[in-house]
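Notes follow once the structure below has been shown.
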2 protein chains.
Amino acid sequence: MAAELGVSQAPVREALRELEALRLIESAPNKGARVRRLTRSDLREVYQVRAGLEETAVRLGRPRVEALRTHLGRLHEAAAAGALHDQVRHGVAFHREIVKASGNDVLLSVWESLGIEVWTHLSIRLFRMPHESAAGHEPLVEAFERDDPGVGVLLREHLLGYAPGEPEGRI
Amino acid sequence: MAAELGVSQAPVREALRELEALRLIESAPNKGARVRRLTRSDLREVYQVRAGLEETAVRLGRPRVEALRTHLGRLHEAAAAGALHDQVRHGVAFHREIVKASGNDVLLSVWESLGIEVWTHLSIRLFRMPHESAAGHEPLVEAFERDDPGVGVLLREHLLGYAPGEPEGRI
DNA sequence: AGACATCCTATGATCGATCATTAGGGTGTT
DNA sequence: AACACCCTAATGATCGATCATAGGATGTCT
């Protein structure tokens, strides 16, 4: 691959590590790396972990509703403009704000290591999952607004709602 | 450092990346890497995330009680022999079994990326935290045995019990 | 003395090459 | 035909070196 790309092995090595961390490739020792055969199950696993992390986040600290509304506004704008990429970006920013508000840096870095933005794109493009709508976030913001103790569960269910269901399809 | 150790930069680079992933060092761009000044707060953050992950795990799947008892037995033996290192090892294995039983590979790899074993040692050696006793795990196993719906909360509280409290001490 | 431009050095990334290990194919034997 | 052994080739890690960049130190000017 290094020869093919006209670069040395070092950067290829780094790139493969990153892709493996995102679980987009899998590598067997002395057998090289291959792109993974992504299944709905892979996607569901990521969403389950993500849901757990974000539920943990709201247990540790609540985000500023104001900040959430800012992201939600951008999400609305992007949706109106039909800018899918921006929708994803602002949707992710919305949830990142929640995790960041936990005040737990370890939690934030673990959440980021999941590569949420990439997986969101994959869920939309590969499995035609509905992308996170601006409307779907409204109940969440309201729950944060009234400091609802059940916001953690609400958040988890919100997220799992975007995860693929049981049927085990392959690409 | 490479010159000092008589090796090339590549392995040093790799090692520093791993240490940074474990949050044992911090590196600023173009300023190099330094060992982090570990605080009780760092440790608490790791435990909070860990607790959340393991609670998520038991929501997804329950471990075989038999396997847990095996690890617990080894933990007992190590405690009787005063083998601290083995106590930690089997204690970690006990909890890893729980995470593994979730059937979620992403969850397992995220959990492993926390470097629980290292942090457990650090909590004991740096902050004199009590190490996970064999006795403390008994209620957990019993809860799994009777398939207690509250085992998730019990597990979380069990873990947070080993996390450092508020007083912000430095080493 | 303080503000500012310039130089120096450490860092970080990349390069091209070598070396040990091992998977998988090929050969030979029973 | 089944099996054990060997051997090639690819992988992965390491090496020693170069290059661009950024931070800090130095020196100059006001």
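Atom set for the values below is all heavy atoms of this structure, side chains included, hydrogens, waters and symmetry mates excluded. Lettering of chains follows the sequences in order, A, B, ..., and the numbering in each one begins at 1.
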B:E4 atom CD is separated from C:dA10 atom C1', nearest whole Å, by 15 Å

If the sugar-phosphate is the primed atoms plus P, OP1 and OP2 and the base is the rest, what is the B/S/- string for nucleotides 12-22 of chain D, using protein heavy atoms under 4.0 Å? SSSBBB----S

Does the side chain of B:R23 reach to within under 4.5 Å of the side chain of B:V46, using non-hydrogen atoms? no

What pairs of residues pass the side-chain hydrogen bond (donor to acceptor under 3.5 Å, both in side chains) test when at least one of them lies in residues 140-153 of chain A, not counting sequence neighbours? A:R62-A:D147, A:R69-A:E145, A:R146-A:D148

Aromatic ring proximity, centroids under 6.0 angstrom, A:H137 and A:H90: no

Does any pair with a residue in residues 82-100 of chain A pass salt bridge (Lys or Arg N to Asp or Glu O under 4.0 Å), and if so which ones, sequence neighbours excluded? A:D86-A:R89, A:R96-A:E112

dist B:L140:CG -> B:L68:CG (nearest 0.5 Å) comes out at 8.5 Å

